[in-house]
Every structure is written in structure tokens, then in C-alpha cells.
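Reminder, nothing fancy here: chain letters follow the sequence lines and each chain counts from 1. Treat the numbers as computed from the prediction; the structure is a model and nothing was measured.
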Number of protein chains: 2
Amino acid sequence: MSLMDEVLPHVDVRVVAFCLLKERLHVLVCSASANGYELPGAPVLLNCSLEETAARRLGELTGIRETYLEQLYTYGEPQRANPRLISVAYFALLPANRLSKTPPHPACWFAVDALPALTGDHAEIIAYALRRLRYKLEYSAVGFQLLPERFTLSELQRTYEMILGEKLDKRNFRRRILRAGIIEPTTECRTGEGRPARLYRYRPDAVAEVKARRLFP
Amino acid sequence: MSLMDEVLPHVDVRVVAFCLLKERLHVLVCSASANGYELPGAPVLLNCSLEETAARRLGELTGIRETYLEQLYTYGEPQRANPRLISVAYFALLPANRLSKTPPHPACWFAVDALPALTGDHAEIIAYALRRLRYKLEYSAVGFQLLPERFTLSELQRTYEMILGEKLDKRNFRRRILRAGIIEPTTECRTGEGRPARLYRYRPDAVAEVKARRLFP
DNA sequence: ATAATAGTGTCTCTCAGACATTATTTA
DNA sequence: TAAATAATGTCTGAGAGACACTATTAT
């Protein structure tokens, strides 16, 4: 181990990675010893940024290096681990179609509504990440990060419904998302059972945030 | 130094504390060596939580222990200090009337639009805290944390104007804040030049968050 | 009486939310 | 031709935003 590989003591990075699999929202966890499962994590190297650390570990486990990754919260209660550990948590969104096929070894996907037993405060961390995801979904265009580059409006709506856990009205959904101007139609259609659906694509130049309704403007 | 007072290496806590002084939003900074000013901070003790650490330091400098305090972000780029330092930043809101009168020694208040030179990435941290404060102001009732327990509607409006940096319409402001039901009138008035103004108080039982306008409901 | 500040109501326009039918394809 | 999915428009109610005058006090 060279000097550059030296790790910072008492600190690590954890990642809460979401993905839509089989019409349900899933989270990536790793099987720990006999104590149950834990969030995938990594020590912080002396010369490596926190976000890089998270991105690298995510890449190892999923094959996806370039994806939506955002710092979530830093957990540092003295009693959360022994010896004391400060965990900088990130949350990530992965499109299912880009996942590496081979199951990423110590890691596996669980539906968020059927999680296994988790060590320490990791269940709490996942719950907070999910709250944040739902909240962000309502005022930013973060939902596209869970979809392939091209998608139908029905797929997009199902994505929102899966994450929010509620049904949405099809006409209102389409009206608003089209008025928001953040997606554009392509010339292609997705064919299958029923009438073919136009494929849309996210406009990367779009304004991805919507103004919150001010309490006091 | 006992075992309990041992500090974690490579980690500290920083606080961005806001207060309204002389009709302007101010930030608390400490004079560092000759390099300029820095955010007040403290090492993390082995047996002390991150938030406690921030609250204690804030109490030392301002005399206020119980106040609004929220984790902001964790800064951990390898090049931000030497030896490497991870800073967990918090932001705090202080009501001016509860500040201890004596100037808190190495610390002083600067208006956010007239900050001195700051070391490292501390200017960036303040800028981010200010963005977060403005953003939160629009959808939560966080602004009351900067006011005394009783206040007039004009004082409240000026608070919002100072933080947002823009003028607001008096009638619309009053209509919305009263409709929101988060404040209630008291029987007292504040007298002075001009017509006396009714004093209001924040309703701690009020719902302090407003639903953001969904992008896709 | 004058200067200063507090307090109040209406109109317009946009958008959220509820709601049902037609269109196009495959099996 | 039946089953499946895609696509589309209207009405109503709530609230944002623009706007000007009256009320009450101290000096």
C-alpha cells in the first residue's frame, strides 16, 4: 500500500443507488456478515474526493460510472459504529438498461418496499434517500435518470407512479410535462401490443427545475 | 487531554450562521491568521455528534445554543486543505435580539454582500448556504428563526425582502402569509413613529412546509 | 397639519385537478 | 374482431400577481 492509497480513518462513503426493475423501485445493498445487509460503501483514500469515491464504488458494482450522483447527508452520531465512523451518504439513480448483466458480487437489488434487515442506521439512510428522491421528483427532472435515453410517455408516467407510489392522471400528466418543455418527441415509435407509442427524449438543454410555489412571494 | 476529548483527524465542522443586523443579512466569520477570515469551526470530538459540535461552537460565539441548525453539505475535495480535511458544514439562523452583547472574540459579523477575503473554499460554502436559505424561505417557514418571538407584519416582510434581495408587494404578502395560517395575532401593538402595528407570533403547531408546485402531479 | 407607518380589496390570468372517448396496432 | 395500449380537450376552482387608497399615530 503506497502513501497515495492511505485511507482516512473514521470516515467512509455510502451509496444509496436506485433503479427501476420489474416495475418496482429497487435499492442496491451488499450482504454483510451475518448481521444482515448494508449499503455499499468504500473507505476514503487520502487523494480521492468523496464523490469520486462513491462513483468508483458504484461503477465496480453496476458497471455504470457516469450517472446521477448527489450527496445526501453525513451521518456522524458517536454511537453509530465502533470505533466511531462518519459516513458521507450519496444517492444515485441508474437506468436499468445500462446495468451490467452479471450480478455484481457482494451486491444485490431489493425492492424498496421489501428490504431485508440492514445493519446500523442504514435503513434510516435508505428511507431518507427515498424521501429525497420523491421530493426532488416533484420539482426537478431527476426522474429521467432512471429511464433509457428514449422512452414513451407511458413509461415516464409509470416511472413517476412507481416512485411516488400513487396513480397519476394520464391527461394531466401529459399536458404538464409537455408544457414544461423538458422533453421532445423523436421520429421513432415503440411497437408492441396495442397502438405504437411515440418515443421521446429528454432535452439536456431544458431547465430542469421548476419554481416552487412560494409561501410568500 | 483525556481519551474522551480525543479528536477525529481529518474532519471538522463549520457553521454558516446568519443574522439580520442593521437591516441587512449578516454572516458570522472568524479572523484567521493573515490569510483573511474563515468560517467558525471546531474539531470533532470522539464522543460528540456533528450537530452538537456545531451547536456548541455557535453557543460559544453568540451565546445562543438553542436555534435553527441544519446540516448543509460536506466538503471533501483532496486539495481543499493540507493535510487533507473534510468539513461538515451547517447553517444556522439566529434572532438578533438574543445575541450576547459582547462581541464574540475571534468572531465578527459581516453583511453577506460585503464579505471580506475568506480562506480556502469558505466563500463558496457561504454562497451555497445563502442559496439554500433563499430557497428554503420560499417553501418553509424558516424565516421566523431570524426574528424575535413577536414581530409585526412589516418586520416580517422586511426580513423576507432582505434575504431574497427583492421588494415584495405588501398586500399580496399579507394575504398569503395570513392565509397560510402559520402566524397568529397577539393583543399587543408595537408603537413608534406612525400608526402602531399589531404584533404577531409564529404558531409552532403550524405546518411549516408548503407543497411545491409539482412538475408532474 | 404633516409626516410616517399600518392596514385593507378587486380583478385578471394561469394552472391544477377532475373527467371519457377515439385511434391504432397485434393476436 | 377483440384486446391492448396511445392519444387527445374542456370545465371549474384556487391562487398568483398587479394595483391605490384609507387609518392611526407621533412630532
Undergrad: Using OP1 and OP2 only, check whether a side-chain N or O of B/Arg176 sits under 4.0 Å from D/dG17.
TA: yes
Undergrad: Less than 3.5 Å between a donor and an acceptor, one on the side chain of B/Arg174 and one on the base of C/dG9, is that the case here?
TA: no
Undergrad: May I ask you to verify if any side-chain N or O of B/Arg190 is less than 4.0 angstrom from the OP1 or OP2 atom of D/dT25?
TA: no
Undergrad: Are B/Ser154 and C/dT5 close enough that a side-chain N or O sits under 4.0 Å from OP1 or OP2?
TA: no
Undergrad: How close or far is atom P of C/dA18 from atom NZ of A/Lys167, stated in whole angstroms?
TA: 15 Å
Undergrad: Once you round it to whole Å, what is the distance between C1' of C/dT10 and CZ of B/Arg171?
TA: 10 Å
Undergrad: side-chain contact (heavy atoms from CB on, under 4.5 Å) for B/Val88 and B/Tyr75? Distances and angles first, verdict last.
TA: CA-CA 6 Å; B/Val88 184; B/Tyr75 295 83; over 6 Å; no
Undergrad: Walk me through whether B/Thr62 and B/Arg98 qualify under side-chain hydrogen bond (donor to acceptor under 3.5 Å, both in side chains).
TA: CA-CA 9 Å; B/Thr62 65; B/Arg98 285 172 52 207; over 6 Å; no
Undergrad: Find the distance B/Glu166:CD to D/dG17:C1' and express it as a whole number of Å.
TA: 13 Å
Undergrad: At under 4.0 Å between heavy atoms, what does B/Arg175 touch on the DNA or RNA strands: base, sugar-phosphate, or nothing?
TA: base
Undergrad: Which part of the nucleic acid, if any, lies within contact of B/Arg179, taking any heavy atom under 4.0 Å across all strands shown: a base, the sugar-phosphate backbone alone, or nothing?
TA: sugar-phosphate
Undergrad: Aromatic ring centroids of A/Phe151 and A/Tyr202 under 6.0 Å?
TA: no
Undergrad: What is the distance, to the nearest angstrom, from the CD atom on A/Gln157 to the P atom on D/dT8?
TA: 14 Å
Undergrad: Determine whether the aromatic ring centres of residues B/Tyr37 and B/Phe110 are separated by less than 6.0 angstrom.
TA: yes
Undergrad: Rounded to whole Å, how long is the line connecting atom NZ of A/Lys170 with atom P of C/dG17?
TA: 19 Å
Undergrad: Looking only at side-chain N and O atoms, does B/Arg195 come under 4.0 Å of OP1 or OP2 in D/dT22?
TA: no
